[in-house]
Amino acid sequence: MTRTALITGATSGIGLATARLFARNGLHIIACGRRQERLEALAHELASLTQVHTLAFDVRDNAEVVEKIASLPKNFQQIDILVNNAGNAHGLDPIHQGSLVDWDAMIDINVKGLLYVSRAIIPQMVERQSGHIINIGSLAGKEVYPNGNVYCASKFAVDAITKGMRIDLNSYNIKVTCINPGLVETEFSLVRFKGDGTRAKNVYRGMTPLTAEDVAEVIWFAVSRPAHVNIAEVLLLPTAQATSTIVKRQET
Ligand code: NDP
Ligand code: 8X3
């Protein structure tokens, strides 16, 4: 039977590339995000490849998360793969100067939002005793870098939640995977720097970052393994990146 994947943050970057790759491989897609017009464009783009349903909601709003998932039409109600990808960094400030609005956004989206979506979907996987959860963590969830403080904390939380899921869901035959990328050029830095395109571009200056498609390929590899294989976690870096702070750049 064709599997259905629900992908959060499918309007941009890693989530969008994953939706496209999953669709090319015939999976049915539930594409989520807040930007309705982008979801509609994606549904239109993928319609000739597979069955697509879109859900526009903010992962911060648990009532909306529950309502939207409950609204799925019958043929999309069974979710076999959950890709918890929605998230961003907001700001890059030392801890004593950080914005509380930015801190709330990162904790509410990257941590609580991932939990809300998971809580709404995992019970059906437990009942069926099958399913695969892919959490998108980060290199920032493995090491802390200057001014990364709360973003790193949110991704360390994703790492801990992933490990907790794997333990608690072990007896239900549910796979849990964490994909941890380093620098990926998406809208991520544009969001982090509040639309400042020059600052965002500078993050990737003089080096070749990962693309969203590079990450999507690893996600696809994880979901396409045989039933007895779980890719527990992957750390995926651009060749030019050794750690969060050691990046080889060609300076011009
Ligand atoms: P993008 O900014 O390109 O994509 C972020 C996605 O998250 C968008 O689709 C956005 O959709 C969605 N999103 C953000 N906030 C919310 C919200 N409140 N409710 C619902 N959806 C939301 O960034 P990336 O593709 O790079 O990021 C995807 C994931 O990858 C994130 O978890 C990020 O932390 C992680 N990551 C990114 C790295 C990078 O260098 N780019 C490296 C390591 C990890 P919309 O705005 O339509 O709601
Ligand atoms: C995104 C990668 O290094 O900008 O998680 O934090 S980094």
Side-chain angles (χ1 to χ4, degrees), residues 6-20 31-42 54-62 64-65 68 83-92 102 104-117 134-159 161-162 178-195 199-200 202-204 207 209-216 218-219 233-238 240-247:
L6 183 143
I7 303 165
T8 66
T11 55
S12 169
I14 295 168
L16 175 61
T18 303
R20 286 177 169 149
C32 308
R34 289 167 301 179
R35 286 170 286 183
Q36 176 79 50
E37 65 294 346
R38 288 203 186 190
L39 291 174
E40 280 165 18
L42 180 63
T54 63
L55 288 180
F57 62 86
D58 188 324
V59 296
R60 284 174 290 198
D61 183 340
N62 184 50
E64 205 187 5
V65 168
K68 292 291 166 131
V83 183
N84 275 317
N85 163 75
N88 278 116
H90 294 265
L92 184 69
D102 286 344
D104 282 345
M106 290 184 280
I107 291 167
D108 290 349
I109 299 167
N110 302 357
V111 183
K112 291 168 69 183
L114 179 149
L115 288 170
Y116 293 160
V117 175
I134 308 269
N135 293 329
I136 306 303
S138 173
L139 173 61
K142 297 287 175 186
E143 54 175 84
V144 180
Y145 54 85
N147 305 326
N149 45 64
V150 176
Y151 176 67
C152 294
S154 76
K155 290 298 180 178
F156 270 71
V158 172
D159 187 52
I161 291 165
T162 303
C178 200
I179 308 284
N180 299 300
L183 292 163
V184 191
E185 191 163 11
T186 59
E187 294 179 8
F188 177 87
S189 293
L190 207 55
V191 173
R192 169 169 251 172
F193 299 125
K194 304 177 197 318
R199 217 174 154 196
N202 194 42
V203 172
Y204 315 105
M207 55 89 65
L210 296 171
T211 64
E213 289 73 22
D214 295 326
V215 183
V218 175
I219 298 171
E233 61 177 58
V234 176
L235 179 63
L236 168 70
L237 303 177
Q241 182 172 31
T243 69
S244 290
T245 50
I246 301 175
V247 179

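Each ligand, and each atom within it, is numbered from 1 in the order the structure gives. When reading the values below, keep in mind they use all heavy atoms of this one structure, side chains included, and skip hydrogens, waters and symmetry mates. What you see is a predicted model, and the numbers here were worked out from it, not measured in a lab.
- The environment of K142 atom NZ is dense: over 12 non-hydrogen atoms of other residues, nucleotides or ligands sit within 6.0 angstrom.
- In this structure, R192 counts as a contact residue of ligand 2, since one of its heavy atoms falls inside 4.0 Å of the ligand.
- The nearest heavy-atom contact from the protein to atom 4 (O) of ligand 2 is F188 CE2, 3.5 Å.
- Comment: D61 does not engage K68 in a salt bridge, judged by the lack of any side-chain N to carboxylate O separation of less than 4.0 angstrom.
- Taking any N or O of Y145, backbone or side chain, at least one lies under 3.5 Å from an N or O belonging to ligand 2.
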Point to revise | Evaluation steps, side-chain contact (heavy atoms from CB on, under 4.5 Å), between V158 and C178 | key: CA-CA 8 Å; V158 172; C178 200; 4.3 Å; yes

Name every donor-acceptor pair, under 3.5 Å, that has one atom in a side chain of residues 145-152 and the other anywhere in the protein, sequence neighbours excluded.
unit_1: Y145; atom_1: OH; unit_2: R192; atom_2: NH1; d: 3.0
unit_1: Y145; atom_1: OH; unit_2: R192; atom_2: NH2; d: 3.0
unit_1: N149; atom_1: ND2; unit_2: D93; atom_2: O; d: 2.9

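- Using a distance-only test at 3.5 Å, with no hydrogens or angles considered, a donor-acceptor pair links the side chain of Q241 to the main chain of L183.
- Between the side chain of N135 and the backbone N or O of G137, no donor-acceptor pair lies under 3.5 Å.
- For ligand 1, the 4.0 Å heavy-atom shell takes in G9, A10, T11, S12, G13, I14, G33, R34, R35, F57, D58, V59, R60, N85, A86, G87, N88, I109, I136, G137, S138, Y151, K155, P181, G182, L183, V184, T186, E187, F188, ordered by chain and residue number.
- Under a 3.5 Å cut-off, the side chain of K155 and the backbone N or O of I136 do form a donor-acceptor pair.
- Under a 4.0 Å criterion applied to the non-hydrogen atoms of Y151, ligand 2 contributes the atoms 1 (C), 5 (O), 6 (O).
- For atom 2 (C) of ligand 2, the nearest protein heavy atom (residue, atom name, distance) is S138 OG, 3.8 Å.
- Between T11 and G33, the closest heavy-atom pair is CG2-CA, 4.1 Å.
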**Study point:** Stepwise side-chain contact (heavy atoms from CB on, under 4.5 Å) check, T54 with L42
**Key:** CA-CA 9 Å; T54 63; L42 180 63; 6.0 Å; no

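- Residue contact check: A140 has heavy atoms under 4.0 Å from atoms 6 (O) of ligand 2.
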